[in-house]
Structures are given as C-alpha cells and as structure tokens.
Amino acid sequence: MVVWLASWQYAATHWIDPFFYSKPSAIGGRLVDWFTTGTAFGSIWKQLAVTLEEAVLGFLIGAVAGVVLGILLGRARFAAEVAAPFIKAANAVPRIVLASLFIIWFGLGLTSKVATAVVLVFFAVFFNAFQGAREVDRNLVNNARILGASRTQVLTSIVVPSATSWIFASLHAAFGFALIGAVVGEYAGADKGMGLLIANAQGTFDAAGIYAGMIIITVVALLAEWLLTLLENRLLRWRPPAQTSGDNYA
C-alpha cells in the first residue's frame with residue numbers, strides 16, 4: 001500500500017496531470033479540510049449522517065422484505081413459479097433509472113434515497129433467502145411433520161434457522177448495496193449527503209474531492225461489515241463447528 005501510494009504521488013508530481021488524477025497528498029488534504037473546516041454544504045458529519053440514515057433505513061426495509069418474501073416463496077412452489085417472471089423483470093430494470101423515477105415521485109428528500117436503497121437491498125437478500133428456504137433438508141421437514149409439527153412450527157423452527165446462513169451471506173453485501181443506493185440517489189438529485197459532495201466535486205473537476213468521498217464511504221462500508229460479522233457470530237453461536245475431512249475419518 002505504501003509503495004502504491006508513493007508511486008502515485010511521484011507519478012502525479014512528475015509524469016501525469018494531477019488535475020485529472022489527483023494525488024494522495026491532495027486527497028489527504030481534502031479529507032483533513034472536510035473534517036476540520038467542513039464542506040461547501042456544511043459539516044461533513046451532517047452529510048455522512050444523512051447518507052447513513054438513508055442507507056440504514058433502506059437496508060432494514062429491504063432486508064426484512066427480502067427475507068420474508070424469499071422464505072415464503074421458497075416454501076410455496078406454485079406461488080414462486082407464478083411470481084418468478086415478475087421478480088426477474090423487476091430485477092432487470094437499471095437501478096439508476098429507478099433512482100431518477102423515485103426523485104420525480106418522492107422529491108429530493110429522504111424518501112427517494114431510501115426507496116433506491118430498498119430496491120438494491122431487496123433483490124440481494126431475496127434470492128439468497130429464497131434459495132436457503134429451498135435447500136432445507138426434506139427429511140428433516142418430513143420427520144417434523146410426522147411428529148405433529150404445524151406449518152408455522154416447521155417454518156420457524158426448521159426453515160428459518162436453516163436459511164440463516166444464506167441470509168447472512170447476502171446481508172454482508174446488502175449494506176454495501178444500501179450505501180450505493182443512497183449515494184446514487186443523492187448523486188441523481190439531493191440537497192445534502194455524500195453523493196451530493198461527490199457530484200459537486202465532479203462538477204467542479206475536483207478529483208481529490210471524488211476520491212475523498214469514495215474513501216469515506218468505503219470506511220463506513222468496512223465498519224458495517226465488521227458489525228454484521230459480530231452480529232452473525234453472536235446469533236449463529238448455536239451452530240456446531242464445521243467438520244473437516246480428518247474429523248469424518250476419525
């Protein structure tokens with residue numbers, strides 16, 4: 001990393017035009033300036049808080065909707081076959097087009113950004129929850145029914161726990177999608193947020209500002225990934241450790 005940054009700094013100083021490619025020292029200076037004196041649109045913390053609020057709301061709504069619908073359709077084959085063409089068609093719609101439509105429908109405020117994040121998160125979670133519900137051991141389900149378990153008991157005691165690993169696998173990527181949705185929505189039209197800072201930096205040919213915004217969003221995504229990993233380890237503590245080939249032979 002140090003070699004790469006040093007080579008970038010040297011190249012931008014002697015070979016390439018820093019106006020277009022910027023350089024690490026300029027990006028670092030822009031970050032320091034944003035966190036000390038603020039941005040052209042106010043405090044950097046305010047911009048970051050707005051983007052985080054949009055991303056978290058979109059993540060929660062999209063994840064809950066994706067999990068519920070994915071598990072229900074995963075256990076109802078006929079309903080899944082009926083809904084499949086519509087879900088695939090909705091998933092094929094370019095997200096940037098939806099972001100523009102949401103701005104027309106809901107305005108430049110919070111709602112349009114949350115809607116964009118929800119759309120991105122929903123499909124990422126839905127397909128994993130759907131597949132996780134489909135992959136449940138049929139023998140386990142049949143044995144539970146023989147013992148008198150109702151559909152609700154099978155769903156809550158067998159299907160949902162079995163699909164949890166699939167769901168968490170999608171949630172790790174889903175928060176990144178939620179951030180992307182919030183930033184894309186702000187980039188398309190907003191009066192505050194990190195997407196607005198990046199769009200403004202692009203409009204003023206401020207390459208350092210674009211990189212600085214990308215770095216802040218990346219750090220936030222990595223922190224969210226770390227928190228989700230802690231949550232996953234805590235919620236899935238009941239799972240037995242995975243067996244290795246040596247354990248099987250033993």
### Task
Name all residues meeting the side chain to side chain contact (heavy atoms under 4.5 Å, CB included) criterion together with Thr218; count only those two or more places apart in sequence or in a different chain, and write none if there are none.
Leu222
### Query
How would you list, by chain and number, every residue that makes a side chain to side chain contact (heavy atoms under 4.5 Å, CB included) with Phe122, sequence neighbours excluded?
Ala65, Leu69, Phe126
## Note on the structure
So CD of Gln131 and CD1 of Ile71: to nearest 0.5 Å the spacing works out to 13.0 Å
### Task
Treat each ILVMFWY residue as a node, draw an edge where side-chain heavy atoms are under 4.5 Å apart, and state whether Ile27 and Tyr21 are in one component.
no
### Task
Please name the pair of heavy atoms, one in Ala207 and one in Ser22, separated by the smallest distance, quoted to 0.1 Å.
CB-CB, 3.8 Å
### Query
Is it the case that one hydrophobic cluster holds both Trp105 and Val119, taking links as side-chain heavy atoms less than 4.5 Å apart, direct or via other members?
yes
#### Entry: CA sep, side-chain torsions, deciding dist, call: Phe123, Ile87, side chain to side chain contact (heavy atoms under 4.5 Å, CB included)
CA-CA 9 Å; Phe123 289 105; Ile87 293 174; 4.0 Å; yes
### Query
Do Ile217 and Ile198 have side chains that get closer than 4.5 Å, going by heavy atoms?
yes
### Query
So, for Leu196 and Ala190, which heavy atoms are closest and what is the spacing to 0.1 Å?
CD1-O, 3.6 Å
### Task
Return the minimal non-hydrogen interatomic distance between Phe168 and Leu228, and the atom names on each side.
CE2-O, 4.5 Å
### Task
Please test Asn128 against Leu171 for side chain to side chain contact (heavy atoms under 4.5 Å, CB included), starting from the C-alpha separation and ending with a verdict.
CA-CA 9 Å; Asn128 265 37; Leu171 291 181; over 6 Å; no
### Task
Could you list the residues that satisfy ring pair (Phe, Tyr, Trp, His ring centres under 6.0 Å) with Tyr211, not counting sequence neighbours?
Trp8
### Query
Same hydrophobic cluster for Leu31 and Met1, using side-chain heavy-atom links shorter than 4.5 Å among ILVMFWY?
yes
### Atom pair CG/CZ of Asp33 and Phe35 - distance to nearest 0.5 Å
11.0 Å
### Task
Compare all side-chain heavy atoms of Thr229 with those of His172 and state whether any distance is below 4.5 angstrom.
yes
### Message
Looking at Gln47 and Leu197, would you say the former's side chain and the latter's main chain have a donor-acceptor pair under 3.5 Å?
### Response
no
### Spatial distance of atom OG1 (Thr204) from atom CD1 (Ile210) [nearest 0.5 Å]
8.0 Å
### Task
Step by step, work out the side chain to side chain contact (heavy atoms under 4.5 Å, CB included) result for Ile44 and Ile216.
CA-CA 10 Å; Ile44 184 63; Ile216 293 173; 4.1 Å; yes
### Message
For Ile61, give me all partners under side chain to side chain contact (heavy atoms under 4.5 Å, CB included), at least two apart in sequence or on another chain.
### Response
Val114, Val118
### Task
Kindly work out whether a path of hydrophobic side-chain contacts (I/L/V/M/F/W/Y, heavy atoms less than 4.5 Å apart) joins Leu57 to Leu52.
no
### Summary
Residues Val121 and Ala63: closest non-hydrogen pair is CG1-N, 3.5 Å
### Message
Does atom CZ (Phe177) have a neighbourhood of more than 12 heavy atoms from anything else shown, all under 6.0 Å?
### Response
no
### Task
Describe, in one word, how the ring planes of Phe205 and Phe19 are oriented to each other, choosing from parallel (under 30°), tilted (30 to 60°) and perpendicular (over 60°).
parallel
## Note on the structure
Using a 4.5 Å side-chain heavy-atom cut-off and chaining through intermediate ILVMFWY residues, the residues clustered with Ile103 come out as Leu108
### Task
For Thr51 and Leu48, indicate whether the former's side chain and the latter's backbone hold a donor-acceptor pair under 3.5 Å.
no
### Task
Return the minimal non-hydrogen interatomic distance between Ser170 and Ala124, and the atom names on each side.
CB-O, 3.4 Å
### Query
Hey, quick one: are Leu227 and Val125 part of the same hydrophobic cluster, counting side-chain heavy atoms closer than 4.5 Å, chains of contacts allowed?
no
### Query
Which atom pair, heavy atoms only, marks the closest approach of Gly107 to Ser112?
O-OG, 2.9 Å
### Query
Hey, what do you get for NZ (Lys192) to NZ (Lys113), rounding to the nearest 0.5 Å?
9.0 Å
### CA sep, side-chain torsions, deciding dist, call: Leu5, Gln9, side chain to side chain contact (heavy atoms under 4.5 Å, CB included)
CA-CA 6 Å; Leu5 292 175; Gln9 179 74 23; over 6 Å; no
### Task
If a pair satisfies ring pair (Phe, Tyr, Trp, His ring centres under 6.0 Å) and one of its residues is in residues 53-88, list it, with sequence neighbours excluded.
Phe59-Phe175
